[in-house]
Amino acid sequence: MLTSLKFKDFLHPRPAPSGIDVDCKLKHFAIITYAVDAHKFAGLFPPCFQLDSVMIDGQEKGLLSVVPFMDVDFTSAVYPFPVFTMGQTNYRIYIIDTTTGEHCVWFLGTTLDSWTIMVPRHVWKLP
């Protein structure tokens, strides 16, 4: 029997912001995804994950996404902080947690057109 999936069944209450949480709106968001030979992803993520791959023309491919967008009104969600608008691009691949079976994304890197690149690089440890 086909069960009905409803978005509301998976919603969780939004937690109160704390620590290094930020508040930001996104504008001009896009996801551009490439199918890449699976062996090219070897060593990019810890062994407790596996590549979430697809078969295309009989070949295993991993999916690499380039995600460009504009951060609008980027600021701390907790502390007084200046407000910024800046371009950002994230580079990520799709993986599976081998313990839980959960599908995830692994961030390979991010770029910002702002000095605030220090936050994702040094605080959030994004390459």
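Numbers here are sequence positions counted from 1. Both backbone and side-chain heavy atoms feed into the values below; hydrogens, waters and symmetry mates do not.
- With sequence neighbours excluded, no residue forms a ring pair (Phe, Tyr, Trp, His ring centres under 6.0 Å) with F45.
- By the 4.5 Å heavy-atom criterion applied to side chains, F74 and V83 are not counted as neighbours.
- Inter-residue side-chain proximity for E102 and I96 is flagged as unmet; no heavy-atom pair is nearer than 4.5 Å.
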Throw together a table of side-chain donor-acceptor distances under 3.5 angstrom for residues 6-27, partners on residues two or more places apart or in other chains.
from: K6; atom 1: NZ; to: S4; atom 2: OG; distance (Å): 3.2
from: D21; atom 1: OD2; to: S18; atom 2: N; distance (Å): 2.9

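- In this structure, T99 and D97 approach most closely via the heavy-atom pair N-OD1, 2.7 Å.
- A donor-acceptor pair is defined here as one N or O able to donate and one able to accept, closer than 3.5 Å; no such pair exists between the side chain of D37 and the backbone of K40.
- G87 approaches M70 most closely through the heavy-atom pair CA-SD, 3.7 Å.
- Summarising the geometry of I56 relative to A35, their closest heavy-atom pair is CD1-CB, 3.6 Å, with the distance given to 0.1 Å.
- Judged purely by distance below 3.5 Å, without hydrogens or angles, the side chains of E60 and S53 pair a donor atom with an acceptor atom.
- Within the 4.5 Å cutoff, the side chain of L63 has no heavy atoms near those of the Y34 side chain.
- The aromatic rings of F84 and W115 sit perpendicular, their planes meeting at an angle over 60°, well past the 30° parallel limit.
- The shortest side-chain heavy-atom distance between T111 and Q88 does not fall under the 4.5 Å cut-off.
- Between S65 and T33, the shortest heavy-atom contact is OG-OG1, 2.8 Å.
- Under a hydrophobic clustering in which Ile, Leu, Val, Met, Phe, Trp and Tyr are joined whenever their side-chain heavy atoms come within less than 4.5 Å, directly or via other members, V67 and Y94 fall into the same cluster.
- Taking CG of L64 as the reference point, atom CG of L44 lies at 9.5 Å (rounded to 0.5 Å).
- Looking only at side-chain heavy atoms (C-beta outward), P68 and I32 come within less than 4.5 Å of each other.
- Here the shortest heavy-atom pairing between L51 and F41 reads CD2-CD1, 3.7 Å.
- For the pair N90 and F69, the minimum side-chain heavy-atom distance is below 4.5 Å.
- Residues V54 and I31 are members of one and the same hydrophobic cluster, defined by side-chain heavy-atom contacts under 4.5 angstrom among Ile, Leu, Val, Met, Phe, Trp and Tyr.
- Residues L108 and I93 are in side-chain contact: their nearest non-hydrogen atoms beyond the backbone lie under 4.5 Å apart.
- Side-chain atoms of W106 and F49, non-hydrogen and from C-beta on, do get closer than 4.5 Å to each other.
- Counting non-hydrogen atoms of neighbouring residues, nucleotides and ligands closer than 6.0 angstrom, the OH atom of Y79 reaches no more than 12 such neighbours.
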